[in-house]
Amino acid sequence: MKITDAKIFVGGPGKNYVTLKVLTDQGVYGLGDATLNNRETLPAAYLRDYIVPNLIGMDPRNSEDVWQFFYRGAYFRRGPVAMAAFGAVDMALWDIKGKLAGMPVYQLLGGKSREGALVYAHATGADLPDLMDSIAYYVDEGYKAVRVQCGIPGMPSASYAVPEKKGDIRNYITDYAGIRPKVEVWDTGKYMRYMPDALMEIRDHFGPDLYILHDVHHRLLPREAAEFAKAVEPAGLYWLEDPTPAEDQNALRLIRQHSTTPIAVGEVFNSIWECNRLIENELIDFIRVAVTYAGGITHVRRIVDLAGLHNVRTGFHGAPSHSPISMAAQAHLNAWAPNFGIQEYLVLGTSECNALFPSEHRMENGLMHVSEAPGLGVDFDEDEAGRYDYTPGSHPVVRLEDGTMWNY
Ligand code: KDG
Ligand code: MG
């Protein structure tokens with residue numbers, strides 16, 4: 001069996017999804033997602049210029065060897081662009097493998113460990129009352145877990161993932177006005193003084209059963225993060241995410257020494273080599289890698305297994321950054337992983353998105369139910385894809401009030 005061609009599409013409804021379709025001499029095809037948020041043209045070029053010409057002629061059933069070829073075969077290894085590109089190839093090869101076997105991918109991983117996988121939604125508000133309305137909306141929709149972000153009184157501009165105006169939750173992460181980013185102005189003191197009490201108010205309002213998550217989005221220094229993690233303990237968070245920029249892994253040790261708040265990191269990691277020490281030293285509780293830019297199912301499965309040895313559970317990234325193809329790949333991992341924790345969930349559901357990526361993965365009462373179709377269980381409608389083009393967009397950048405650059 002041989003790969004005969006592979007096509008790359010960039011675009012989508014309100015998002016630039018990078019979709020790879022791998023074609024074979026037996027008519028079976030596989031789909032992969034290489035979407036790297038706000039840098040979408042780069043994995044697309046890596047696929048077009050380097051991967052696809054090498055892929056043609058390979059046996060798609062040898063997904064491990066193909067993975068090793070692109071990983072070990074590249075002298076300059078890892079990094080989000082390359083890992084997203086061959087992560088997409090890997091997803092497509094698992095899709096093909098499942099279709100050949102006539103089985104959903106989770107069966108090839110070891111079968112189901114659960115019927116439905118817990119997901120969390122994103123609630124956001126310009127201020128706390130606005131956020132309370134947003135949380136209530138998701139609770140009414142049946143979600144059992146909600147990430148909560150809100151504007152901070154006196155903060156010079158909207159903080160991470162927060163709308164500027166009440167009730168306006170469109171495009172709060174990516175600005176499609178162009179490639180030059182908006183500037184958010186950040187004040188750590190105001191955040192640290194306000195957010196612990198706000199999280200406690202949310203807990204008091206919604207009661208003990210709601211799983212509440214909060215994302216600091218890399219904004220604190222290690223000592224501040226330790227103080228903050230301790231201060232939010234009474235709110236009983238499911239997790240506190242990315243309290244510090246993840247490059248400084250010693251910061252996680254300082255946080256651990258001062259607090260029992262569960263810590264989740266890893267959405268910007270591209271390989272096991274960025275999280276093996278954090279996992280082995282048990283400095284985190286949840287690992288947040290995504291199949292999209294951590295090398296696909298083949299590599300993420302290794303991270304999941306290592307994490308399982310150390311009681312670290314999964315909490316895969318799933319912000320609107322990812323297309324339904326990688327969300328499907330993660331749905332199969334979530335169905336199987338013995339150390340599954342929770343899945344971030346935003347992408348599926350709009351009618352345009354469902355038309356572009358038809359699938360039978362479904363959400364019910366806050367749980368994601370994996371499709372029983374062979375392969376990944378998601379398709380791609382090329383006619384629909386013809387409606388969309390690439391639109392340049394950007395994350396904001398963050399500065400302090402004196403102009404110093406800070407972490408987005
Ligand atoms: O592209 C970046 C976003 O995906 C990121 O800001 C989202 O932090 C994020 C999250 O937890 O979903
Ligand atoms: Mg995050």
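As the structure lists them, so they are numbered: ligands from 1, and atoms in each ligand from 1.
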Tell me, which protein residue and heavy-atom name are nearest [atom], and how many Å apart are they?
atom	result
atom 8 (O) of ligand 1	Glu267 OE2, 2.7 Å
atom 4 (O) of ligand 1	Ser321 OG, 2.7 Å
atom 12 (O) of ligand 1	Glu344 OE2, 2.4 Å
atom 2 (C) of ligand 1	His395 NE2, 3.1 Å

Which atoms of ligand 1 are found less than 4.0 Å from any heavy atom of [X]?
X	answer
Tyr160	5 (C), 6 (O), 7 (C), 8 (O), 9 (C), 10 (C)
His317	4 (O), 7 (C), 9 (C), 10 (C), 12 (O)
Arg147	9 (C), 10 (C), 11 (O), 12 (O)
Asp215	8 (O), 9 (C), 10 (C), 11 (O)
His217	5 (C), 6 (O), 8 (O), 9 (C)
Arg288	10 (C), 11 (O), 12 (O)
Glu241	10 (C), 11 (O)

For this session: Return the set of protein N, O or S atoms whose distance to the Mg ion (ligand 2) is under 2.8 Å, each given as residue and atom.
Result: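 Listed by chain and number, the atoms are Asp215 OD2, Glu241 OE2, Glu267 OE1.
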
Would you call [X]-[Y] a salt bridge at under 4.0 Å N-O?
X	Y	value
Lys112	Glu372	yes
Lys99	Asp95	yes
Glu384	Arg387	yes

Problem set entry | Matching residue for Phe316 among Leu333, Thr292, Ile287, Ile342 - test: side-chain contact (heavy atoms from CB on, under 4.5 Å) |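 Of the listed residues Leu333, Thr292, Ile287, Ile342, the side-chain contact (heavy atoms from CB on, under 4.5 Å) partner of Phe316 is Leu333.
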
Problem set entry | Qualifying residue, where the test is ring-ring contact (aromatic ring centres under 6.0 Å, His included) with Tyr120 and the options are Tyr138, Tyr238, Trp239 |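 That would be Trp239; it is the only one of Tyr138, Tyr238, Trp239 passing the ring-ring contact (aromatic ring centres under 6.0 Å, His included) with Tyr120.
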
For this session: Among Phe9, Phe357, Tyr388, find the one that has a ring-ring contact (aromatic ring centres under 6.0 Å, His included) with Tyr17.
Result: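 Running ring-ring contact (aromatic ring centres under 6.0 Å, His included) over Phe9, Phe357, Tyr388 with Tyr17 returns exactly one hit, Phe357.
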
For this session: Could you tell me if the ring centre of Tyr408 sits under 6.0 Å from that of His218?
Result: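 Not close enough - the centres of the two rings lie 6.0 Å or further apart.
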
Exercise. Would you say the ring centroid of Trp336 lies under 6.0 angstrom from that of Tyr106?
Worked result: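 Centroid separation for Trp336 and Tyr106: 6.0 Å or greater.
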
Problem set entry | CZ/Arg114: more than 12 non-hydrogen atoms of other groups inside 6.0 Å |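 Enclosed: over 12 neighbouring heavy atoms sit under 6.0 Å from CZ of Arg114.
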
Problem set entry | Face-on cation placement of Lys21 at Tyr29 ring, 6.0 Å and 45° thresholds |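 Verdict for Tyr29: a cation-pi partner in Lys21.
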
Problem set entry | Six-ring centre of Trp186, Arg399 cation under 6.0 angstrom, axis tolerance 45° |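 Pair Arg399/Trp186 does not count as cation-pi.
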
Exercise. Can you tell me how far OG1 of Thr244 sits from CG of Leu221, rounded to the nearest 0.5 angstrom?
Worked result: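 Answer for the CG-OG1 pair, Leu221 versus Thr244, is 9.0 Å.
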
Exercise. Backbone or side chain, does any N or O of Tyr120 fall under 3.5 Å from an N or O of ligand 1?
Worked result: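 No.
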
